[in-house]
Amino acid sequence: MMETKKNLPQGIRQKGHKFYARAFIGRDECGKAKYVEKAFPTIREAKAFRAAMLLDKENGKLVQKTKETVRSFCLKFLEEKARVVREGTLRKYKSDIKTYIIPELGHKGLQSLTPTDVKAMYKRLESRISDQSIKHIHVLLKQILKEACIQHKLAVNPLTEIKPPKPQRQEMKTWTKEEASKFLQSARTHRYYLFFSLALATGMRCGEILALRWRDITIAPDSSSAVLRVQRSWTHGEKGYTLVGPKTQRGYRSIDLPNWVIKDLLKHRSQQEQERNTASSRWEENDLVICTQVGTPVLPHNIRMIHNKLIQQCGVPRIRIHDLRHTHATLLLSQNVHPHVVQQRLGHEDVSTTLQIYSHVLPSMQQEAAQKIDALLSS
């Protein structure tokens with residue numbers, strides 16, 4: 001049956017005795033929609049042409065000609081990401097793009113960028129930054145060029161077949177239970193002792209502890225139990241530190257507290273009340289559990305300095321603040337606490353992440369499992 005003007009397929013129009021096939025192929029640098037249109041003597045040819053154009057677009061074969069540079073596309077990428085990523089992530093993106101990617105590749109035309117150009121950049125950067133930093137730049141640049149492919153400005157991502165330098169795996173540093181106890185004992189008289197008590201007892205990140213509010217903690221009337229809820233964290237954005245929610249839904253979590261931490265909390269709350277009375281009108285009420293003597297937030301940098309000073313005083317091995325989180329998880333796993341429980345306390349998205357990070361604990365757990373099954377089934 002011959003198709004009339006009223007029931008022509010989508011993207012096909014008839015003018016006189018010719019059929020025009022029209023296909024959307026993307027947007028130009030100003031965001032304006034771009035189409036391709038061609039006339040044919042028959043509707044069959046018009047439909048075939050439009051189908052071929054749409055297929056080429058889907059397969060990434062349709063590329064819009066552009067003189068855009070890597071620099072200009074990177075800056076547009078940052079503008080888009082500013083609306084969807086966390087401040088800390090955006091700050092890192094801007095730093096890598098403006099410090100490394102633009103100075104090295106910004107002058108290149110986006111469509112003339114080659115794998116050789118990128119490999120040469122990595123080679124030049126090797127003498128300036130670590131392999132781990134180059135890997136971060138690689139992941140970011142690959143994401144940027146993937147967006148260029150989506151916008152039909154590139155047919156193929158030049159980074160698809162490129163591998164950055166492989167960073168050497170750094171050995172995780174944690175404390176034994178004796179070292180952790182020795183550190184806490186030494187830190188007990190410091191006004192920020194509760195920070196370290198919470199870090200080792202919960203595995204919370206530094207920013208999560210410093211953003212903790214009293215309303216996030218529920219203590220039983222008889223002080224026999226308590227639950228802490230992780231709701232937010234401090235992150236370093238473009239204009240300094242700011243409060244943000246956890247990165248993932250799993251990051252919002254509840255953590256049961258041990259009895260010794262409950263006692264620490266009650267003592268700390270009493271001391272903080274005395275500081276509030278002393279500060280009087282100078283006190284700034286933020287409901288923060290860890291705060292200065294006038295109620296204002298404590299910067300992570302200051303906690304790190306205190307942490308290093310306390311380590312020197314008590315003579316335990318030097319580890320980072322974040323390694324207190326690793327120590328918490330390692331101690332729990334070594335005591336046969338189920339990995340799913342550890343995952344929930346740490347806020348990992350998946351238990352496989354927990355097992356991968358703390359695989360160094362598994363050999364001893366395997367040995368104990370063998371001993372237990374031997375005791376159960378040996379005759």
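Residues His138 and Ile162 come closest through the heavy atom pair CE1-O, 3.2 Å. Between Ile43 and Phe19 the shortest heavy-atom distance is N-CD1, 3.4 Å.
Electrostatic pairing of Arg191 and Glu275 counts as a salt bridge here, judged by a charged N lying under 4.0 Å from a carboxylate O. Taking the charged nitrogens against the carboxylate oxygens, Glu87 and Lys94 have no contact shorter than 4.0 Å, which rules out a salt bridge. With salt bridges taken as basic N to acidic carboxylate O contacts below 4.0 Å, one links Asp216 and Arg232. Using a 4.0 Å cut-off between charged side-chain N and carboxylate O, Glu285 and Arg276 make a salt bridge. Salt-bridge check for Glu37 with Arg13: passed, with a basic side-chain N closer than 4.0 Å to an acidic carboxylate O. A salt bridge does not link Lys135 with Asp131: none of the charged nitrogens is closer than 4.0 Å to a carboxylate oxygen.
For the pair Ser197 (side chain) and Tyr193 (backbone), a donor-acceptor distance under 3.5 Å is absent. At distances below 3.5 Å, not a single donor-acceptor pair connects side-chain atoms of His268 with backbone N or O atoms of Leu194. For Gln132 (side chain) and Ile134 (main-chain N/O), no donor-acceptor pair under 3.5 Å exists by modelled atom type. Here the side chain of Thr99 pairs a donor or acceptor atom with the backbone of Ser95 at under 3.5 angstrom. Side-chain atoms of Asp117 come within 3.5 Å of backbone N or O of Thr114 as a donor-acceptor pair. Between the side chain of Asp256 and the backbone N or O of Ser225, no donor-acceptor pair lies under 3.5 Å. Judged by distance alone, with hydrogens and angles left aside, the side-chain atoms of Ser280 form no donor-acceptor pair with the main-chain N or O of Asn277 at under 3.5 Å. Side chain of Ser334 to backbone of Leu331: a donor-acceptor contact under 3.5 angstrom is found. Between the side chain of Gln272 and the main chain of Cys291, no donor-acceptor pair closer than 3.5 Å is present. Trp175 places a side-chain N or O within 3.5 Å of a backbone atom of Pro317 that can act as its donor or acceptor partner.
Rounded to the nearest 0.5 angstrom, Glu68 CD and Leu75 CG are separated by 9.5 Å. In this structure, His328 NE2 and Leu200 CG are separated by 9.0 Å, a value rounded to the nearest 0.5 Å.
Results of the side-chain hydrogen bond (donor to acceptor under 3.5 Å, both in side chains) test with Arg253 over His348, Gln231, Glu208 single out Glu208 as the only residue that passes. Partner of Glu179 under the side chain to side chain contact (heavy atoms under 4.5 Å, CB included) criterion, out of Leu184, Val316, Thr327, Ile319: Val316 alone.
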For Asp350 and Arg250: C-alpha separation, side-chain torsions, deciding distance, then whether salt bridge (Lys or Arg N to Asp or Glu O under 4.0 Å) applies. CA-CA 9 Å; Asp350 191 90; Arg250 288 279 189 181; over 6 Å; no

Please test Arg325 against Thr202 for side chain to side chain donor-acceptor pair (under 3.5 Å), starting from the C-alpha separation and ending with a verdict. CA-CA 8 Å; Arg325 175 175 167 85; Thr202 66; over 6 Å; no

Could you go through the side chain to side chain donor-acceptor pair (under 3.5 Å) check for Ser133 and Ser130 one step at a time? CA-CA 5 Å; Ser133 296; Ser130 68; 3.1 Å; yes

Thr42 vs Glu45, test: side chain to side chain donor-acceptor pair (under 3.5 Å). Steps then yes/no. CA-CA 6 Å; Thr42 67; Glu45 291 173 291; 2.9 Å; yes

Working note: Thr248 + Glu349, criterion side chain to side chain donor-acceptor pair (under 3.5 Å); need CA distance, chi angles, decisive distance, verdict. CA-CA 7 Å; Thr248 65; Glu349 192 68 15; 3.0 Å; yes

With salt bridge (Lys or Arg N to Asp or Glu O under 4.0 Å) as the test, would you mind laying out the steps for Asp323 and Arg320 before giving the verdict? CA-CA 5 Å; Asp323 292 327; Arg320 304 168 305 158; 2.9 Å; yes

Stepwise ring pair (Phe, Tyr, Trp, His ring centres under 6.0 Å) check, Phe183 with His307: CA-CA 10 Å; Phe183 174 83; His307 170 73; 5.8 Å; yes

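Side-chain atoms of Leu228 and Met204, non-hydrogen and from C-beta on, do get closer than 4.5 Å to each other. Looking at heavy atoms from C-beta onward, Ile219 lies in side-chain contact with Ile262 at the 4.5 angstrom threshold. In this structure, the side chains of Tyr100 and Leu140 stay at 4.5 Å or more apart for every pair of heavy atoms.
Within 6.0 Å of atom CD in Glu178, more than 12 heavy atoms from other residues, nucleotides or ligands are found, so the atom counts as buried in its surroundings. Enclosure of atom CD in Glu161 is not indicated, since only 12 or fewer non-hydrogen atoms of other residues, nucleotides or ligands lie within 6.0 angstrom. Shown here is Arg213, whose CZ atom has more than 12 heavy atoms of other residues, nucleotides or ligands within 6.0 Å.
Separation of the His326 and Tyr358 ring centroids falls under the 6.0 Å cut-off.
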